[in-house]
Enquirer: 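Have a look at this one before I ask anything.
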Amino acid sequence: MFKKAYVALALIGAVASAHAGPTLINEGFDNVSTLSGWLRTNNSTPGGTATPWFQGDQTIFQALSGAANSYIASNYNNAPAGGTLASWLISPVFSTAQNLEVSFWARGDIADGFLDKLTYGMVDATGNLTSFVPQATVVAVGAWTQYTFLLSGQAGTNGRFAIGYVGSADQANYVGLDSVTVTVPEPSSWALAGVSLLGLLAARRRRAQR
(Lines give C-alpha, C1' and ligand atoms only; values in the text may rest on other atoms or scores of the structure.)
Protein backbone atom coordinates (compact mmCIF):
# COMPACT_ATOMS: atom_id res chain seq x y z
CA MET A 1 0.00 0.00 0.00
CA PHE A 2 2.66 2.51 1.01
CA LYS A 3 5.71 0.99 -0.70
CA LYS A 4 5.66 3.19 -3.80
CA ALA A 5 5.57 6.37 -1.71
CA TYR A 6 8.41 5.19 0.49
CA VAL A 7 10.69 4.52 -2.47
CA ALA A 8 10.40 8.19 -3.36
CA LEU A 9 11.06 9.21 0.23
CA ALA A 10 14.20 7.11 0.39
CA LEU A 11 15.58 8.99 -2.60
CA ILE A 12 14.54 12.40 -1.36
CA GLY A 13 16.06 12.00 2.09
CA ALA A 14 15.64 14.58 4.83
CA VAL A 15 13.85 17.76 3.86
CA ALA A 16 13.25 21.00 5.70
CA SER A 17 9.82 21.50 7.25
CA ALA A 18 7.63 24.09 5.56
CA HIS A 19 4.65 26.04 6.84
CA ALA A 20 2.04 23.35 7.30
CA GLY A 21 -1.50 23.31 5.93
CA PRO A 22 -4.47 21.46 7.50
CA THR A 23 -3.68 19.27 10.51
CA LEU A 24 -5.04 15.72 10.59
CA ILE A 25 -3.44 14.67 13.91
CA ASN A 26 -2.00 16.85 16.67
CA GLU A 27 -1.39 14.89 19.87
CA GLY A 28 0.54 16.20 22.88
CA PHE A 29 -0.33 13.30 25.26
CA ASP A 30 -1.67 15.51 28.05
CA ASN A 31 -3.66 12.54 29.38
CA VAL A 32 -2.66 9.14 28.03
CA SER A 33 -5.61 7.41 29.76
CA THR A 34 -8.08 9.30 27.56
CA LEU A 35 -6.36 8.79 24.18
CA SER A 36 -8.95 8.16 21.47
CA GLY A 37 -8.23 6.01 18.41
CA TRP A 38 -4.63 5.24 19.40
CA LEU A 39 -3.45 1.62 19.67
CA ARG A 40 -0.85 0.43 22.17
CA THR A 41 0.50 -3.06 21.52
CA ASN A 42 3.22 -5.03 23.27
CA ASN A 43 4.65 -7.62 20.86
CA SER A 44 7.85 -8.03 22.86
CA THR A 45 9.27 -11.56 23.18
CA PRO A 46 8.64 -12.91 25.66
CA GLY A 47 5.96 -10.41 26.74
CA GLY A 48 6.69 -8.22 29.74
CA THR A 49 4.40 -7.07 32.53
CA ALA A 50 4.44 -3.32 31.92
CA THR A 51 1.84 -1.34 29.98
CA PRO A 52 3.66 -0.74 26.67
CA TRP A 53 3.13 3.06 26.64
CA PHE A 54 2.16 5.15 29.65
CA GLN A 55 2.01 8.72 30.97
CA GLY A 56 5.43 10.37 31.10
CA ASP A 57 7.32 10.57 34.38
CA GLN A 58 8.43 14.16 34.99
CA THR A 59 10.97 13.01 37.58
CA ILE A 60 12.95 11.33 34.77
CA PHE A 61 12.61 14.23 32.31
CA GLN A 62 9.93 16.80 31.48
CA ALA A 63 7.69 17.15 28.44
CA LEU A 64 8.60 19.18 25.39
CA SER A 65 5.80 21.62 26.24
CA GLY A 66 2.75 21.87 28.48
CA ALA A 67 2.54 20.09 31.83
CA ALA A 68 5.76 18.43 32.96
CA ASN A 69 4.35 14.92 32.45
CA SER A 70 2.44 15.61 29.22
CA TYR A 71 4.23 13.07 27.03
CA ILE A 72 3.96 9.32 26.45
CA ALA A 73 6.72 6.98 27.57
CA SER A 74 7.91 3.38 27.44
CA ASN A 75 10.72 1.46 29.13
CA TYR A 76 12.74 -1.74 29.29
CA ASN A 77 10.10 -3.53 31.41
CA ASN A 78 8.10 -4.30 28.27
CA ALA A 79 10.18 -7.48 28.01
CA PRO A 80 11.91 -9.48 30.78
CA ALA A 81 15.67 -9.75 31.10
CA GLY A 82 17.11 -11.29 27.96
CA GLY A 83 13.99 -10.41 25.95
CA THR A 84 13.48 -8.33 22.81
CA LEU A 85 11.36 -5.19 22.81
CA ALA A 86 8.59 -4.57 20.29
CA SER A 87 6.27 -2.06 21.96
CA TRP A 88 4.09 -0.24 19.44
CA LEU A 89 2.23 3.05 19.52
CA ILE A 90 -0.11 3.44 16.54
CA SER A 91 -1.99 6.61 15.64
CA PRO A 92 -5.67 6.94 14.78
CA VAL A 93 -6.66 6.38 11.14
CA PHE A 94 -6.17 9.30 8.73
CA SER A 95 -6.55 9.82 5.01
CA THR A 96 -3.38 9.31 2.98
CA ALA A 97 -4.97 10.59 -0.23
CA GLN A 98 -2.99 13.87 -0.04
CA ASN A 99 0.73 14.52 0.35
CA LEU A 100 1.44 14.54 4.09
CA GLU A 101 4.13 15.56 6.55
CA VAL A 102 4.45 13.30 9.60
CA SER A 103 6.40 14.59 12.60
CA PHE A 104 7.12 13.64 16.21
CA TRP A 105 9.55 14.51 19.00
CA ALA A 106 11.48 11.90 20.96
CA ARG A 107 13.92 11.81 23.86
CA GLY A 108 15.75 9.08 25.76
CA ASP A 109 16.95 8.87 29.36
CA ILE A 110 20.67 8.56 28.69
CA ALA A 111 22.68 6.23 30.93
CA ASP A 112 26.05 4.58 30.36
CA GLY A 113 25.73 1.25 28.61
CA PHE A 114 22.09 1.72 27.58
CA LEU A 115 20.29 3.06 24.51
CA ASP A 116 16.70 3.50 23.38
CA LYS A 117 15.87 2.56 19.80
CA LEU A 118 12.76 3.61 17.87
CA THR A 119 11.56 2.45 14.47
CA TYR A 120 8.77 4.34 12.72
CA GLY A 121 6.71 4.26 9.55
CA MET A 122 3.22 3.49 8.26
CA VAL A 123 0.71 0.68 8.70
CA ASP A 124 -2.68 0.06 7.12
CA ALA A 125 -5.95 1.43 8.47
CA THR A 126 -6.56 -1.70 10.58
CA GLY A 127 -3.29 -1.17 12.47
CA ASN A 128 -2.04 -4.61 11.46
CA LEU A 129 1.72 -4.60 12.07
CA THR A 130 2.34 -7.12 9.29
CA SER A 131 1.66 -4.18 6.94
CA PHE A 132 4.36 -2.01 8.54
CA VAL A 133 6.51 -0.12 6.04
CA PRO A 134 9.48 1.46 7.89
CA GLN A 135 10.73 4.96 7.31
CA ALA A 136 13.75 4.93 9.66
CA THR A 137 15.18 3.51 12.86
CA VAL A 138 16.85 5.95 15.27
CA VAL A 139 18.50 5.95 18.68
CA ALA A 140 16.93 8.53 20.99
CA VAL A 141 19.27 11.19 22.33
CA GLY A 142 19.22 13.04 25.64
CA ALA A 143 17.32 16.10 24.40
CA TRP A 144 13.96 16.46 22.69
CA THR A 145 14.61 15.95 18.97
CA GLN A 146 12.16 16.26 16.08
CA TYR A 147 11.85 13.61 13.36
CA THR A 148 9.91 14.40 10.17
CA PHE A 149 9.18 12.69 6.88
CA LEU A 150 6.98 13.28 3.83
CA LEU A 151 4.45 10.74 2.59
CA SER A 152 3.28 10.83 -1.04
CA GLY A 153 -0.51 10.94 -1.42
CA GLN A 154 -2.28 7.85 -2.75
CA ALA A 155 -5.86 8.41 -3.87
CA GLY A 156 -8.56 6.64 -1.91
CA THR A 157 -6.31 5.30 0.85
CA ASN A 158 -6.20 5.53 4.64
CA GLY A 159 -3.45 4.57 7.06
CA ARG A 160 -1.88 4.99 10.49
CA PHE A 161 1.49 6.19 11.73
CA ALA A 162 3.31 3.62 13.89
CA ILE A 163 6.29 3.93 16.26
CA GLY A 164 7.96 0.86 17.75
CA TYR A 165 10.23 0.82 20.80
CA VAL A 166 12.58 -1.97 19.76
CA GLY A 167 15.87 -3.67 20.56
CA SER A 168 17.30 -5.64 23.45
CA ALA A 169 15.50 -5.15 26.77
CA ASP A 170 18.83 -5.56 28.55
CA GLN A 171 20.26 -2.57 26.68
CA ALA A 172 17.16 -0.32 26.82
CA ASN A 173 16.22 2.22 29.47
CA TYR A 174 13.38 4.77 29.05
CA VAL A 175 12.06 6.76 26.10
CA GLY A 176 9.48 9.53 25.65
CA LEU A 177 7.43 10.81 22.70
CA ASP A 178 5.68 14.15 22.38
CA SER A 179 3.85 16.32 19.83
CA VAL A 180 2.93 13.82 17.11
CA THR A 181 1.48 15.66 14.12
CA VAL A 182 0.22 14.74 10.67
CA THR A 183 -0.32 17.75 8.42
CA VAL A 184 -0.88 18.62 4.78
CA PRO A 185 2.29 20.58 3.88
CA GLU A 186 2.45 23.65 1.69
CA PRO A 187 3.49 22.97 -1.93
CA SER A 188 6.88 24.60 -1.26
CA SER A 189 7.82 21.63 0.91
CA TRP A 190 7.30 19.27 -2.03
CA ALA A 191 9.02 21.63 -4.42
CA LEU A 192 12.12 21.49 -2.20
CA ALA A 193 11.87 17.70 -2.10
CA GLY A 194 11.68 17.61 -5.89
CA VAL A 195 14.83 19.71 -6.22
CA SER A 196 16.66 17.38 -3.82
CA LEU A 197 15.51 14.33 -5.77
CA LEU A 198 16.59 15.78 -9.14
CA GLY A 199 20.03 16.60 -7.75
CA LEU A 200 20.46 13.08 -6.43
CA LEU A 201 19.40 11.49 -9.72
CA ALA A 202 21.77 13.74 -11.67
CA ALA A 203 24.64 12.76 -9.39
CA ARG A 204 23.83 9.10 -9.94
CA ARG A 205 23.88 9.56 -13.71
CA ARG A 206 27.28 11.27 -13.55
CA ARG A 207 28.69 8.41 -11.51
CA ALA A 208 27.23 5.87 -13.95
CA GLN A 209 28.92 7.60 -16.91
CA ARG A 210 32.40 7.45 -15.40
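Sequence positions, counted from 1, serve as the residue numbers for this chain.
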Enquirer: What residues form a side-chain contact (heavy atoms from CB on, under 4.5 Å) with Ala140, not counting sequence neighbours?
Expert: Asp116, Val175
Enquirer: Between Glu101 and Thr148, do the side chains contain an N or O donor and an N or O acceptor separated by less than 3.5 Å?
Expert: no
Enquirer: Tell me whether Arg40 contacts the main-chain N or O of Trp53 through its side chain, where contact means a donor paired with an acceptor under 3.5 Å.
Expert: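 Between the backbone of Trp53 and the side chain of Arg40 there is a qualifying donor-acceptor contact (under 3.5 Å).
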Enquirer: Out of curiosity, does Leu39 fall in the hydrophobic cluster containing Leu129 (side-chain heavy atoms, cut-off under 4.5 Å, transitive links)?
Expert: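 Leu129 clusters together with Leu39.
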Enquirer: Any chance the side chains of Thr126 and Asp124 put a donor and an acceptor closer than 3.5 Å?
Expert: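 Looking only at side-chain atoms, Asp124 and Thr126 do form a donor-acceptor pair, the distance falling under 3.5 Å.
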Enquirer: Specify the closest pair of heavy atoms between Ala79 and Ser44, including all atoms of both residues, with the distance to one decimal.
Expert: CB-CB, 3.8 Å
Enquirer: Is the shortest heavy-atom distance from the side chain of Tyr120 to the side chain of Thr137 under 4.5 Å?
Expert: no
Enquirer: Centres of the Phe114 and Tyr76 rings: under 6.0 Å?
Expert: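 Judged by ring-centre distance (under 6.0 Å), Phe114 and Tyr76 do not meet the cut-off.
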Enquirer: Establish, from distance only, whether the side-chain atoms of Asp170 and Ser168 form a donor-acceptor pair under 3.5 Å.
Expert: no
Enquirer: Taking the six-membered ring for Trp, are the ring centroids of Phe61 and Trp144 within less than 6.0 Å of each other?
Expert: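 Distance test on ring centres: under 6.0 Å, yes.
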Enquirer: Hydrogens and angles aside, do Thr41 and Asn43 bring a side-chain donor and acceptor to less than 3.5 Å of each other?
Expert: no
Enquirer: Would you say Leu151 and Phe161 make side-chain contact, with heavy atoms under 4.5 Å?
Expert: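 No. Closest side-chain heavy atoms not under 4.5 Å.
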Enquirer: Check whether any side-chain heavy atom of Tyr71 lies under 4.5 Å from a side-chain heavy atom of Gln62, and answer yes or no.
Expert: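 Not touching, per the 4.5 Å side-chain cut-off.
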Enquirer: If we check side-chain contact (heavy atoms from CB on, under 4.5 Å) with Leu118, which of these qualifies: Leu89, Val166, Val139, Ile163?
Expert: Ile163
Enquirer: Please determine whether the number of non-hydrogen atoms from other residues, nucleotides or ligands lying under 6.0 Å from atom CZ of Phe29 exceeds 12.
Expert: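 Counting neighbours around CZ of Phe29, more than 12 heavy atoms of other residues, nucleotides or ligands fall under 6.0 Å, so yes.
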Enquirer: For a quick check under 3.5 Å, do Thr23 and Thr183 share a side-chain donor-acceptor pair by atom type?
Expert: no
Enquirer: Quick check: closest heavy atoms across Asn42 and Asn78, and the distance to 0.1 Å?
Expert: ND2-O, 3.1 Å
Enquirer: Centres of the Trp88 and Tyr165 rings: under 6.0 Å?
Expert: no
Enquirer: Is it true that a side-chain atom of Ser74 and a backbone atom of Pro52 form a donor plus acceptor pair closer than 3.5 Å?
Expert: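 Confirmed, Ser74 side chain pairs with Pro52 backbone.
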Enquirer: Counting distance only, does the side-chain N/O of Asp30 pair as donor-acceptor with the main-chain N or O of Ser70 below 3.5 Å?
Expert: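 Not a single qualifying donor-acceptor pair exists.
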Enquirer: Around atom CD of Gln55, are there more than 12 heavy atoms of other residues, nucleotides or ligands at under 6.0 Å?
Expert: yes
Enquirer: Quick one: does any side-chain atom of Thr96 pair with a main-chain N or O of Thr157 as donor and acceptor, under 3.5 Å?
Expert: yes
